[in-house]
Amino acid sequence: MLTTELNAGFLIGAAIGSGSNARAVEHGGADFLLAINAGRLRNMGVPSIASMLPVLDANSLTEGFAREELLALCRKPVLLGVNVWGRTFNPEAQAAAIGEAGFAGAVNFPSCMHYSRPMQQILSRAGRGIEQEVELLKAVQDAGMMSMFYCSSRTQARLAADAGLDLVCLNIGWNVGGAMGHRSRSTIEEVAIEAREIGRLIKRISPKTRFLLEGGPIAAPEDLSRVLSLAPLDGYVGGSTIDRLPLEASVASMIDGFRRASMRPTRLDDESLGLVNWAKQFGFVGQSEVQLMMLRRLRALSSANDPVLIVAEPGQNSLPAVRALGAIKARSRSLNMVQIDVAEQDLPARARNVLFGRRDSSSARPPILTDSTVELVVIRAPERLTQALQRRLARALRDGVFRMAGSRRMLNIEPRIVLQCDVQVQEDTVVEDLLGAGLEPELVSHMAGWTLRLPPLRERISDLVALIETEAEGGHLEFSSGALQRLQAHDWPENEAELHTVLGRLAGRSSRLPVQADELEPLLRTAPNNDRRQKTRSEKDLIVDTLWRNGFNRTKAAEALGISRKTLYNKIMKYGLSG
């Protein structure tokens with residue numbers, strides 16, 4: 001009998017569709033296996049619900065793979081999925097055939113319980129309904145084998161309990177989750193309440209019958225734990241949760257790992273490795289080919305003391321390059337550096353006094369260019385200086401000396417001077433682009449050989465993974481393969497600053513799963529020529545999907561979206577979703 005076949009504790013059953021998965025679940029400690037056509041179809045790449053469609057003969061499909069792949073490989077009991085929809089109905093003969101084939105028992109699948117109530121009534125009147133399914137399983141059990149009965153209602157459960165069947169499994173619908181998962185309107189709590197009521201009913205009628213649960217919103221062990229805290233169960237049967245979801249997750253994770261490996265640069269030679277290690281002390285991240293080319297030039301420029309012009313696009317982090325030019329390590333607390341930002345609102349008018357001093361030198365500090373206590377002076381946005389002041393600066397940088405206003409004495413330039421232009425330039429048209437940005441020809445001409453262009457993020461996209469790992473260090477932020485591809489396809493108009501913003505918005509997200517591509521869409525900056533209506537539709541779709549996935553619980557949906565409940569409510573009203 002059943003008690004000698006299965007353990008007396010909590011039972012784990014697995015409805016699987018291939019020999020490889022059967023071996024895995026047996027190794028994992030499953031108590032019994034179910035060979036049903038839904039499992040086979042899942043392994044063929046179609047949804048489980050296709051098992052209820054007239055696409056393949058259920059009996060021949062199931063028995064074929066079960067004989068070849070399960071009975072030949074497994075030691076655990078295998079229950080064969082059977083139905084009562086054949087041309088003839090002979091329970092005793094069918095039970096005998098099941099035993100002769102070597103199966104430990106049977107389970108009613110596919111079952112009419114998945115059909116609507118009117119359809120179930122029609123099948124019952126035709127002698128092919130739920131009553132006949134119970135009759136067949138009773139014949140299997142009378143022949144000394146196990147029986148498991150799938151039910152979806154109290155009435156069906158009562159029929160099985162009256163017959164004294166070994167196992168009764170409440171099926172609460174097709175499983176949620178994964179690429180082919182269904183949407184469930186039932187919550188874990190609602191499922192637990194239903195299971196508790198049906199379980200009590202079965203135990204009152206047939207105390208020896210063991211009550212199990214399968215399907216619906218139970219997609220992870222944590223979900224089952226929540227049900228068990230509210231309803232006593234004798235076991236759990238996993239279909240998609242064991243046969244499909246783990247496979248999808250593990251294969252996707254493995255593919256993601258291989259893709260990440262492909263994104264990592266190839267092994268560096270000794271020269272390049274030394275270059276990368278040298279750059280790390282100043283805060284550089286990445287080792288793409290274009291990054292290495294820039295670093296080679298930067299190291300050469302840093303060994304001299306001549307003025308350097310750094311060209312960077314908006315949002316690029318130029319501080320590591322400045323540190324390298326001043327030989328200032330990234331973790332140094334004393335920078336000994338002065339930055340003059342000409343773009344500040346009131347600075348252009350007083351830039352001359354800051355750089356070259358006042359006429360009345362007795363009432364002001366000496367010019368910054370003569371301060372021997374400062375090792376590095378960074379002048380940002382020099383193109384915003386007046387033309388006359390740019391020409392004067394060019395001559396001072398060329399000669400290394402200048403004359404302070406109101407004085408005939410020539411003063412030496414003491415600190416190293418770094419100019420920084422935040423403009424977009426092309427590698428082969430740097431001079432033309434700088435002139436177009438407003439730099440005086442005399443200044444451009446003098447700095448032409450000492451210009452360092454920082455490659456924007458879009459040109460060194462292979463460094464993206466390294467940048468993300470550095471930014472999100474300690475934040476446990478993971479990205480799916482699709483999300484990484486979406487990030488790589490982005491133009492990054494704001495460069496590292498935009499990446500920093502995106503990662504900041506993802507920090508503290510409620511989901512433990514890797515970031516998916518659809519989560520990134522509202523976070524990435526939209527190109528100016530994009531249709532604004534398309535952006536609106538994307539946000540609306542994201543909100544609808546998040547509401548659905550969270551059972552239209554606005555508090556949970558707002559948390560998943562990373563916005564307040566009030567903001568979510570306003571967006572619901574904006575897009576007309578309140579109905």
Side-chain angles (χ1 to χ4, degrees), residues 172-179 181-195 215-231 241 245 249 468 471-472 474-480 482-484 486-487 490 494 497-526 530-579:
I172 46 181
W174 308 102
N175 269 114
V176 301
H182 297 262
R183 297 188 185 277
S184 174
R185 295 182 180 275
S186 299
T187 65
I188 294 293
E189 288 71 24
E190 290 170 341
V191 167
I193 292 172
E194 183 180 10
I218 300 177
E222 295 78 12
D223 301 326
L224 179 61
S225 295
R226 290 171 60 190
V227 175
L228 287 170
S229 67
L230 299 172
T241 53
L245 295 179
I468 290 174
E471 281 272 357
H476 307 293
L477 194 61
E478 296 184 13
F479 291 84
S480 68
L484 284 176
R486 177 64 186 91
L487 292 174
H490 188 54
E494 296 296 335
E498 185 180 358
L499 177 62
H500 181 75
T501 299
V502 170
L503 296 178
R505 290 178 177 175
L506 290 171
R509 55 194 288 272
S510 57
S511 175
R512 298 180 182 178
L513 298 175
V515 177
Q516 302 300 311
D518 59 354
E519 295 181 67
L520 297 173
E521 294 304 329
L523 304 181
L524 297 175
R525 182 183 174 212
T526 306
N530 274 15
D531 189 350
R532 184 176 178 182
R533 292 173 297 175
Q534 180 64 39
K535 181 178 179 182
T536 301
R537 284 199 298 270
S538 297
E539 184 178 51
K540 179 180 178 181
D541 291 343
L542 178 64
I543 291 174
V544 170
D545 184 69
T546 306
L547 284 168
W548 184 277
R549 285 189 284 107
N550 288 275
F552 290 92
N553 184 307
R554 293 182 181 179
T555 300
K556 294 181 178 178
E559 183 181 1
L561 290 166
I563 59 178
S564 67
R565 195 175 188 278
K566 179 176 177 56
T567 300
L568 175 60
Y569 174 80
N570 292 336
K571 291 183 180 294
I572 289 174
M573 300 302 294
K574 174 184 176 181
Y575 296 124
L577 303 176
S578 58

Problem - Evaluation steps, side-chain contact (heavy atoms from CB on, under 4.5 Å), between Leu230 and Val191 - result: CA-CA 10 Å; Leu230 299 172; Val191 167; over 6 Å; no
Practice task
Measure the shortest side-chain to side-chain distance between Leu487 and Leu499 over non-hydrogen atoms and say whether it is less than 4.5 angstrom.
Solution key: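 The answer is no, as the side chains (C-beta and beyond) never meet within the 4.5 Å cut-off.
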Handout entry: Verdict with supporting geometry, Asn570 and Lys566, side-chain contact (heavy atoms from CB on, under 4.5 Å)
Key = CA-CA 6 Å; Asn570 292 336; Lys566 179 176 177 56; 4.1 Å; yes
Using 0.5 Å steps for rounding, measure from the [atom1] atom of [X] to the [atom2] atom of [Y].
X: Arg505; Y: Leu524; atom1: CZ; atom2: CG; value: 9.5 Å
X: Ile188; Y: Glu222; atom1: CD1; atom2: CD; value: 10.5 Å
X: Phe479; Y: Gln516; atom1: CZ; atom2: CD; value: 11.0 Å
X: Glu471; Y: Leu506; atom1: CD; atom2: CG; value: 12.0 Å
X: Thr501; Y: Glu494; atom1: OG1; atom2: CD; value: 8.5 Å

Mind listing the closest non-hydrogen atom pair of [X] and [Y] along with its distance?
X: Arg554; Y: Leu568; result: O-CD2, 3.3 Å
X: Pro217; Y: Asp223; result: O-OD2, 3.4 Å
X: Leu523; Y: Val502; result: O-CG2, 3.8 Å
X: Ala517; Y: Ser480; result: N-OG, 4.3 Å
X: Pro514; Y: Glu519; result: O-OE2, 4.1 Å

Exercise for the section: Could you give me the CA-CA distance, side-chain angles and deciding distance for Leu477 and Arg509, then say whether side-chain contact (heavy atoms from CB on, under 4.5 Å) is met? Expected result: CA-CA 9 Å; Leu477 194 61; Arg509 55 194 288 272; 3.9 Å; yes
Exercise for the section: Tell me, with the steps shown, if Ile218 and Ile172 meet side-chain contact (heavy atoms from CB on, under 4.5 Å). Expected result: CA-CA 9 Å; Ile218 300 177; Ile172 46 181; 4.2 Å; yes
